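What follows is a single structure, written as structure tokens, with notes after it.
Predicted model, so just to flag it, every value in this text is computed and none were measured.
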Amino acid sequence: MRDLLAQVPLFNELPAADLTPIVHGTSEISARRGEIIFHRGDPCLGFHVVVYGQVKLVFVSASGVERVVRLIGPGDGFGEALMFMGQNYIVTAEALRDTLLLHVGRDVLFEQIDRHPGVARKMLAGLSRRLYSLMGDVEAYTLHTGAQRLIAFLLHQWPGEIEQPFRIEISKSIIASRLNLTPEHFSRILRELSERGLIRVRGREFTILDADGLRAYRG
């Protein structure tokens, strides 16, 4: 547990001795693919860090429709803002693959913040990055077309080699939800990009055929 915590960016500058109380206030959570980690409305008593695996945070409507608001991978955390506010979770968290998480309890974390201002600064930096990313999402949804949002996502995932296939392990329905696209619109954009010779799609395997053309495409 101490070794895992030492790898968390939030704590990697703490002396080893100061990790001991955090260890006592931290628990490991193993979640199988498809398992719910917490539901909307559950109390937020700390924050989570993903050690390995992937988690999606979703809003679920009364009719059962999901809207993916965030995808979380190794080293990333979630729940800090609600923990500070003393609020219940406003989203549901589900493991997209077999996942190991650390749950750091609120009380032990607040104690460390009191003793080590650097922890507070790191948390503020992380929350600020998340807010900046959220503003970027708002800009994308209001000013960019669906095609531009999808292209930006693909280029972000792309290793950088033309005609070299790469896999995106999450399903197309999750990608579409994250980009605020309906599955039908998402499929139509992929088809248009493929017909123009900009990409090739085979299941979860994508190939960029013309990166400059892709960047110039406006949809």
Side-chain angles (χ1 to χ4, degrees), residues 33-34 37 40 50 53-82 89-97 99 125-219:
R33 178 180 177 182
I37 299 163
R40 177 182 178 133
V50 176
Q54 190 173 39
V55 173
K56 67 174 179 179
L57 301 183
V58 298
F59 289 119
V60 183
S61 71
S63 60
V65 177
E66 286 190 356
R67 166 76 171 86
V68 179
V69 296
R70 193 172 165 217
L71 299 171
I72 303 163
D76 203 359
F78 56 99
E80 306 98 308
L82 293 172
Y89 289 114
I90 60 174
V91 294
T92 294
E94 178 184 336
L96 289 176
R97 61 188 73 167
T99 299
L127 290 170
S128 298
R129 284 193 299 270
R130 207 160 301 153
L131 178 60
Y132 185 81
S133 175
L134 177 62
M135 295 304 295
D137 287 346
V138 172
E139 178 185 21
Y141 297 156
T142 54
L143 300 179
H144 298 163
T145 66
Q148 289 174 315
R149 298 199 298 273
L150 176 53
I151 288 169
F153 176 84
L154 292 176
L155 291 174
H156 182 72
Q157 303 292 320
W158 179 44
E161 297 182 43
I162 293 292
E163 299 192 19
Q164 180 62 44
F166 62 96
R167 283 183 63 82
I168 299 178
E169 295 299 337
I170 56 178
S171 68
K172 292 185 178 70
S173 62
I174 292 176
I175 299 173
S177 179
R178 180 66 186 88
L179 298 176
N180 199 29
L181 300 169
T182 65
E184 296 77 15
H185 191 190
F186 180 86
S187 297
R188 186 165 64 251
I189 295 170
L190 285 182
R191 185 168 60 252
E192 291 173 357
L193 296 178
S194 298
E195 291 173 351
R196 289 174 176 269
L198 301 175
I199 65 172
R200 182 168 57 242
V201 184
R202 293 176 178 170
R204 296 189 180 184
E205 186 177 274
F206 296 78
T207 304
I208 304 296
L209 303 176
D210 182 355
D212 291 337
L214 202 58
R215 294 187 183 97
Y217 185 76
R218 292 293 177 265

Notebook entry, point to check: Going by distance alone, is a donor N or O of one side chain under 3.5 Å from an acceptor N or O of the other, for Y217 and E192?
Noted result: yes

Next item on the list: List the steps and the verdict of salt bridge (charged side-chain N to carboxylate O under 4.0 Å, His left out) for D76 and R70.
Entry: CA-CA 11 Å; D76 203 359; R70 193 172 165 217; 2.8 Å; yes

Checklist line | Check: R149 side chain, H144 main-chain N or O, donor-acceptor pair, under 3.5 Å | finding: yes

Notebook entry, point to check: If you round to the nearest 0.5 Å, how far is CD of Q157 from CZ of R167?
Noted result: 12.5 Å

Note to self: Could you measure the distance from the CZ atom of R178 to the CZ atom of F186? Nearest 0.5 Å is fine.
What the structure shows: 13.5 Å

Margin query: For a 4.5 angstrom cut-off between non-hydrogen side-chain atoms, does I151 reach L193?
Written below: yes

Notebook entry, point to check: Would you say the side chain of V68 lies within less than 4.5 Å of the side chain of F59, judging by non-hydrogen atoms?
Noted result: no

Next item on the list: Heavy atoms only: give me the nearest L155-R215 pair and the separation to one decimal.
Entry: CD1-CG, 3.6 Å

Next item on the list: For residues F166 and E205, determine if any side-chain heavy atom of one lies less than 4.5 Å from a side-chain heavy atom of the other.
Entry: no

Next item on the list: Could you grab the distance from atom CG of L198 to atom OG1 of T207, nearest 0.5 Å is fine?
Entry: 12.5 Å

Note to self: If you define the side chain from C-beta out and look only at heavy atoms, does anything of I174 sit under 4.5 Å from L71?
What the structure shows: yes

Next item on the list: Show your working on side-chain contact (heavy atoms from CB on, under 4.5 Å) between F78 and V50 and close with a plain yes or no.
Entry: CA-CA 9 Å; F78 56 99; V50 176; 4.1 Å; yes

Check: R67 and N180: side-chain contact (heavy atoms from CB on, under 4.5 Å), yes or no, with the steps?
Finding: CA-CA 8 Å; R67 166 76 171 86; N180 199 29; 3.7 Å; yes

Note to self: Run the side-chain contact (heavy atoms from CB on, under 4.5 Å) test on V58 and V91 for me, step by step, so that the C-alpha distance in whole Å, both residues' side-chain angles and the decisive distance to 0.1 Å come before the verdict.
What the structure shows: CA-CA 5 Å; V58 298; V91 294; over 6 Å; no

Next item on the list: Taking the side chain as every heavy atom from C-beta outward, state whether I199 and I208 have any pair of such atoms under 4.5 Å apart.
Entry: yes

Next item on the list: Answer yes or no: are there more than 12 heavy-atom neighbours, outside R196 itself, under 6.0 Å from its atom CZ?
Entry: no

Next item on the list: Using a strict cut-off of less than 4.0 Å between a Lys/Arg side-chain nitrogen and an Asp/Glu carboxylate oxygen, indicate whether K56 and E66 qualify as a salt bridge.
Entry: yes

Notebook entry, point to check: Could you go step by step and tell me if I168 and R204 meet the side-chain contact (heavy atoms from CB on, under 4.5 Å) rule?
Noted result: CA-CA 6 Å; I168 299 178; R204 296 189 180 184; 5.5 Å; no

Checklist line | Sidechain-backbone polar pair: T92 side chain, R40 backbone, donor-acceptor under 3.5 Å | finding: yes

Checklist line | Residue that, paired with I175, satisfies side chain to side chain contact (heavy atoms under 4.5 Å, CB included) out of L181, I170, L190 | finding: I170

Check: Do S194 side-chain atoms and R200 backbone N/O form a donor-acceptor pair below 3.5 Å?
Finding: no

Note to self: Is it true that, when you exclude R97 itself, more than 12 heavy atoms of the residues, nucleotides or ligands shown sit nearer than 6.0 Å to its CZ?
What the structure shows: yes

Next item on the list: State, yes or no, whether a side-chain contact exists between V55 and T99 at a heavy-atom distance under 4.5 Å.
Entry: yes

Check: Which pair of heavy atoms, one from G53 and one from P74, lies closest together, and at what distance?
Finding: O-CD, 3.5 Å

Check: What are the two closest non-hydrogen atoms of G34 and E94, and how far apart are they?
Finding: CA-OE2, 3.6 Å

